[in-house]
Amino acid sequence: MLQVNYIRENKNLVIQRLSVKNFTDLPLLDDILSLDDQRKTLQLQAETLQADANTAAKQVGDLMKAGKRSEAETIKASTTSAKETIKNLLDKITAIEQTLQQKLVLLPNLPHTSVPKGTTPDDNEIVLSHGNQPTLPQNALPHWDLATKYNLIDFELGVKITGAGFPVYKGKGAKLQRALINFFLTEAETAGYQELMLPLLVNEASGFGTGQLPDKEGQMYFCTQDSLYLIPTAEVPITNLYRDVIVKENELPIKNCGYTPCFRREAGSYGAHVRGLNRLHQFDKVEIVQITQPEKSYQLLEEMSLHVQHLLQKLGLQYRVLRLCGGDMSFASALTYDMEVWSAAQKRWLEVSSVSNFETFQSNRLKLRYKANEGKNPTSAHPQRQRPSPSTHRSRHFRKQPNPQRHKHPPMPTPLHRLHNHFINTH
RNA sequence: GGAGAGAUGUCAGAGUGGUCGAAUGAGCCAGCUUGGAAAGCUGGUGUACUGGCAACGGUACCGAGGGUUCGAAUCCCUCUUUCUCCGCCA
């Protein structure tokens, strides 16, 4: 979610950046700004009235104490009408805020300046290629045939007990799956990530927190009796751990990883590209997530990309890295690298991993912020040491000083950058 | 599933419907002190929105949401959650 004030102060930049994502609904931006203006005006009115009412209420108390009952009654009577006005104003404000919020979440994240303009996967930029394409013998089989031939995966059994898209892994197939999960987790641990085992069902608030709700409600499995959603990715529980949290700067970067099965309804998917393991309703994924300061996030994104590449190399896979174009990247991402492996049998590139920087987009929505370490390094004359970069943060953070007689900047919570990556390890 | 007791700031923990954004203590930060430290002393120490060039203000927040009242951390209702006991069960 973008911040209204950022939009207001950088309107042209926002328009220009959004165009890279082929977003052109400019009236929406004006709507948002105008709604925010209305909100401010009404809020000021309401708060002024409330301030008066508070003063009056105090006077009543004082007068009652002093025994001046009739004067107190007079003031009482006068406040009653103001109360009604305030309530109306507050109701209006709430309605406007809801509308504003609904419109705000329609705006995608601003793409990074390095993101190429484009509309289809063909416009993605190949950053690098590694290794040579394997050549297979004439009689080579695609994985769905191999899986059957060697009794690794039984798709029909999955259909029997659940439905299509729920494969049963057997024997060495199950063992391979377990080994890959273990391999990814171990590597992540070596790279400094804390391993988490997470709930596979989440509540509605979490769904909103990471943006699956309300838009992608139809893509998630839902348990009606308890109003819980099956997670479509570990990103949901891992990220929501930090909903409404203010972390201390010395805790950064936060590095978490976790394996979970993922559940996706994949409504609308069909055809050859869903064959075998290519598109499942339940699949396994190891996710790594970092939360860090804005000025460090892009460096860490590169590190995460290298981490993934290292894994692919260890597995002896030939791969390429793509920088996704504006049209192909996700709504919330500012920059996404996709890692693709060539499937010789299917004769196409398959996405096996993806690394994204969300900048403050999700942090804003989650209300995830951090607080600078005050006084840890008092000799530092440059408070930008751990400050947000000006490009993503408003200078007003610096202006607000509740304690001006001291010459240090007070710690201000700041939205955090969140990065994540996932491995679809079933290919 | 039933019964009871809780939920207050970073933590612990007070809080007769008005003087409560909230005592006190601890922690943390800064200053004084010291050769340096500890101790001691002094001061500071939440978040969001908002007015103002600023100085400095306003509003809201005591698990969440409603209600009563001129006025709610305090009274009422609903929900969430924690603990204790009982029941049931893999």
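- Whole-Å rounding puts the Ile86(A) CD1 to A60(B) C1' distance at 13 Å.
- The side chain of Val60(A) approaches G18(B) more closely than any other nucleotide in the set G18(B), U59(B), U50(B).
- Nearest to the side chain of Leu44(A), among G18(B), C49(B), G51(B), sits G51(B).
- Within the 4.0 angstrom heavy-atom criterion, only backbone atoms of the sugar-phosphate kind lie near Gln50(A); the bases stay farther away.
- Nucleotides G58(B) and A64(B), compared at atom P, are 24 Å apart to the nearest Å.
- Looking at the side chain of Lys40(A), the nearest of the listed nucleotides U19(B), G51(B), G58(B) is G51(B).
- With respect to the salt-bridge test (charged N to carboxylate O, under 4.0 angstrom), the residues Glu84(A) and Lys87(A) do not qualify.
- Going from the P atom of U19(B) to that of U8(B) covers 22 Å, rounded to whole Å.
- On the P atoms, C89(B) is 28 Å away from A5(B), given to the nearest whole Å.
- Nearest nucleotide to the Ile246(A) side chain, out of G18(B), G58(B), U47(B): U47(B).
- Rounded to whole Å, atom C1' of U81(B) lies 16 Å from atom CG of Asp244(A).
- Atom NZ of Lys285(A) sits about 11.0 Å away from atom OH of Tyr259(A), to the nearest 0.5 Å.
- For Glu359(A) and Asn109(A), the side-chain atoms include no donor-acceptor pair closer than 3.5 Å.
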Legend entry - Bracket string, RNA chain B, 5' to 3' - pairs by Watson-Crick or G-U geometry under 3.5 Å, | interstrand: ((((((((.[[[..)..(.....]]]((((((.......))))))((((((....)))))).[[[[[..)....]]]]])))))))....

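- Lys40(A) has no carboxylate O lying under 4.0 Å from a charged side-chain N of Asp37(A), or vice versa, which leaves the two without a salt bridge.
- In the set C49(B), A48(B), C70(B), C70(B) carries the atom at the smallest distance from any side-chain atom of Lys83(A).
- Atoms CD and CD, from Gln194(A) and Glu189(A) in turn, are 10.0 Å apart once rounded to the nearest 0.5 Å.
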